[in-house]
Amino acid sequence: MSVRTYLVRPAGSTTSRPGASRRVNTSAVLAVVCIALGAVAAAMASLNVALPDLARSTGATQTQLEWVIDAYSLVFAALLLPAGALGDRYGRRRALIAGLVIFGGASAAAMTATSANELIGLRGVIGLGAALVMPATLSTITGTFPPAQRTRAVSVWAAVAGGAALLGLLCTGLLLQWFSWRSAFAVNVVLAVAAIAGTAVFVPESADPDAPRLDQAGALLAVAGLTALVFSIIEAPEAGWTAARTLDGIVGGLAVLAGFVIWELRAAHPMLDVRHFRSRRLSAGALSIFIQFFAFFGFTFVCLQYLQGVRGDSPLRAALSVLPLAGTMMPTARITPKLAARFGARTVCVTGLVLVAAGLAVISRVGTTSPYWQLVAGLIPLGAGMGAAMTPATAAITEGLPAAQQGVGSALNDLSREVGGALGIAVIGSIVTAVYRANLHLAGVPAGLASKARGSFALAIHAGGPVKATAATAFTDGIHTGLLYAAGAALIAAVTVAVLLPGGLPGQHVTRGQGELASATR
């Protein structure tokens with residue numbers, strides 16, 4: 001991409017010197033924000049490939065491993081909108097630097113952690129930094145680039161957002177050939193330092209002088225409701241799915257989220273105007289994105305443990321084993337606009353969700369001795385389905401709002417993705433853990449070893465012998481159940497999207513914006 005230096009004063013913004021223009025090297029700005037975005041996007045998935053090593057090092061249970069991964073996703077999702085509002089009001093450059101300092105500092109501290117609980121807390125702090133960084137990167141692009149260059153710059157941003165997770169997995173898998181799980185956090189530190197230096201030198205300050213006051217009550221309700229819901233789901237295998245603590249927590253979390261909706265309807269300046277969801281098109285797109293990432297992050301959490309624990313793959317080989325998903329997702333996303341123009345956005349989106357369900361159903365049948373091609377047979381439709389469904393879903397969100405509210409559409413797209421990912425890890429991970437423990441047969445095994453095996457799949461596999469064999473079978477049983485639930489959710493979403501998304505003329509609804517993955521492949 002050829003990007004020149006422009007003299008800019010972002011429309012609707014203030015610079016660090018009000019009333020003055022500043023010569024900005026937009027190519028340098030784009031490089032810096034992409035480094036920052038790549039760091040936070042990669043951190044969401046990169047640690048999945050290090051879970052077996054992490055569990056053996058810290059003695060983490062399966063529930064604690066879920067929290068290590070989901071603490072980041074939960075805080076990231078819950079604080080994404082308020083953090084973006086803070087950046088708009090007080091300065092995107094300030095928000096970017098503050099987020100990177102928190103992200104890098106907490107990652108450095110995580111390298112010294114000795115227990116799973118320490119890592120859980122620090123991953124939450126890292127998620128706080130990420131919540132400040134991600135919206136500031138896109139806002140910086142839209143506030144800095146001239147209109148003629150903005151679309152292309154956003155497509156580069158989308159490519160990084162879509163590809164960083166996979167690159168993070170591969171990078172961590174490579175590092176684990178020689179180093180421990182701590183190396184995954186070292187990458188965060190290096191990228192954060194580079195992005196901080198670049199931001200300080202190249203990125204101009206911008207803010208929205210007309211930004212409304214932060215909806216503090218709405219933010220607190222959203223955080224409290226999501227936290228209670230995810231906490232109850234993740235802890236369900238420990239307490240029992242029918243235990244009063246679990247049911248009360250789930251009902252309480254849903255009640256708080258209902259209170260959030262009521263508050264937002266009455267607030268003068270809501271953090272999230274839920275009235276937008278009256279648009280059937282927007283609701284269909286948000287649901288599709290939510291379910292896609294619900295399935296994807298839940299699948300990633302359990303599949304990488306299966307590849308290393310059951311199949312015995314190295315971390316690098318496990319990361320490479322899921323490449324067929326990306327190998328079909330990206331080409332499919334590239335041709336999706338043409339498919340939508342011929343068959344209609346609704347048909348393409350629904351077909352994509354059905355393919356996601358089919359892929360998950362195929363993968364759910366893998367066993368302890370299944371050949372690799374059986375996994376590939378599921379990865380291909382899963383990747384193709386996500387590539388087909390994501391583009392029209394993202395377009396449906398943006399087209400469900402007027403041109404003046406496209407920033408809201410972008411935020412809703414991000415929110416649907418992050419909340420879906422956080423709940424996917426929680427729900428699918430907890431189902432797999434519950435089935436694993438229920439099907440683990442340890443008669444005759446010493447009590448201490450049996451307790452460790454029941455608590456952690458990675459420790460059970462490391463024990464070897466009959467404990468390893470029964471653990472592999474039990475974990476595979478858990479995958480069968482967990483991924484079938486995910487496939488069912490994708491099918492329900494397909495039916496719902498078919499009802500909500502207008503049919504219209506072929507291609508009518510995929511004319512503006514090509515979505516994250518389509519942009520990424522240009």
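Predicted model, so just to flag it, every value in this text is computed and none were measured. Positions are given from 1 along the sequence.
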Inset, instruction - Flag the pair T58 / S115 as yes when at least one side-chain heavy-atom distance between them is below 4.5 Å, and no otherwise. - result: no
Inset, instruction - Give the intermediate values and the outcome of side-chain contact (heavy atoms from CB on, under 4.5 Å) for residues Q64 and N117. - result: CA-CA 7 Å; Q64 286 176 318; N117 287 335; 3.3 Å; yes
Legend entry - Close side-chain approach of V432 to Q305, heavy-atom, < 4.5 Å: no
Inset, instruction - Give me the ring orientation class for F290 and F294: parallel if the planes are under 30° apart, tilted from 30 to 60°, perpendicular past 60°. - result: parallel
Inset, instruction - State, yes or no, whether a side-chain contact exists between L316 and T172 at a heavy-atom distance under 4.5 Å. - result: no
Inset, instruction - Decide yes or no on side-chain contact (heavy atoms from CB on, under 4.5 Å) for F299 and L325, but give the supporting numbers first. - result: CA-CA 12 Å; F299 157 79; L325 188 152; 4.0 Å; yes
Inset, instruction - May I ask you to test the W263-D215 pair for a side-chain heavy-atom distance under 4.5 Å? - result: yes
Inset, instruction - Go through the steps to decide whether V322 and T300 satisfy the test side-chain contact (heavy atoms from CB on, under 4.5 Å), and finish with yes or no. - result: CA-CA 9 Å; V322 298; T300 302; over 6 Å; no
Inset, instruction - Give, for atom OG1 of T137 and atom CD1 of I141, the distance between the pair rounded to the nearest 0.5 Å. - result: 6.5 Å
Legend entry - Distance-only donor-acceptor check, side chains E418 and S73, under 3.5 Å: no
Inset, instruction - Give a yes or no on whether the backbone of R317 and the side-chain of S321 come within a donor-acceptor separation of less than 3.5 Å. - result: yes
Legend entry - Nearest-0.5 Å distance that lies between atom CG in D70 and atom OG in S430: 8.5 Å
Inset, instruction - Answer whether the closest heavy-atom distance between the side chains of S46 and V187 falls below 4.5 Å. - result: no
Legend entry - T336 side-chain N/O to G387 backbone N/O, donor-acceptor pair under 3.5 Å: yes
Legend entry - Value rounded to 0.5 Å, distance of CE in M134 from CG in L37: 5.5 Å
Inset, instruction - Evaluate the side-chain proximity of L229 to L423: yes if any heavy-atom separation is below 4.5 Å, no if none is. - result: yes
Legend entry - Backbone N/O of A396 and side chain of R281: donor-acceptor pair under 3.5 Å: no
Inset, instruction - Look at R94 together with E205 and state whether they make a salt bridge at an N to O cut-off of under 4.0 Å. - result: yes
Inset, instruction - Kindly give the heavy-atom pair with the smallest separation between L54 and L65, and that separation in Å. - result: CD2-CD2, 3.9 Å
Inset, instruction - Verify, without hydrogens or angle tests, whether T227 (side chain) and A224 (backbone) share a donor-acceptor contact under 3.5 angstrom. - result: no
Inset, instruction - Look only at the side chain of S288 and the backbone of A284, and say whether a donor-acceptor pair between them is shorter than 3.5 Å. - result: no
Legend entry - side-chain contact (heavy atoms from CB on, under 4.5 Å) involving P315 - partner list, sequence neighbours excluded: V49, L176, Q177, Q308
Inset, instruction - Examine the side chains of N25 and S27 and answer whether a donor and an acceptor come within less than 3.5 Å of each other. - result: yes
Inset, instruction - Drop me the distance from T391's OG1 to M386's CE, to the nearest 0.5 angstrom. - result: 11.0 Å
Legend entry - Qualifying ring pair (Phe, Tyr, Trp, His ring centres under 6.0 Å) pairs with a residue from residues 43-74, counting only residues at least two apart or across chains: W67-F231, Y72-F76
Legend entry - Nearest-0.5 Å distance, CG of residue L379 to CE of residue M329: 11.0 Å
Inset, instruction - Using a 4.5 Å cut-off on heavy atoms from C-beta on, say whether the side chain of S57 contacts that of W181. - result: yes
Legend entry - L323 side chain near L166 side chain, heavy-atom distance below 4.5 Å: yes
Legend entry - Where at least one partner belongs to residues 95-111, residue pairs that pass side-chain hydrogen bond (donor to acceptor under 3.5 Å, both in side chains), sequence neighbours excluded: S107-N188
Legend entry - Spacing of CG belonging to D313 relative to OH belonging to Y306, to within rounding of 0.5 Å: 9.0 Å
Inset, instruction - Report the C-alpha separation of F301 and L51 in whole Å, then their side-chain angles, then the decisive distance to 0.1 Å, and conclude whether the side-chain contact (heavy atoms from CB on, under 4.5 Å) test is met. - result: CA-CA 9 Å; F301 177 73; L51 290 180; 3.6 Å; yes
Legend entry - R123 side chain to A71 backbone, donor-acceptor under 3.5 Å: no
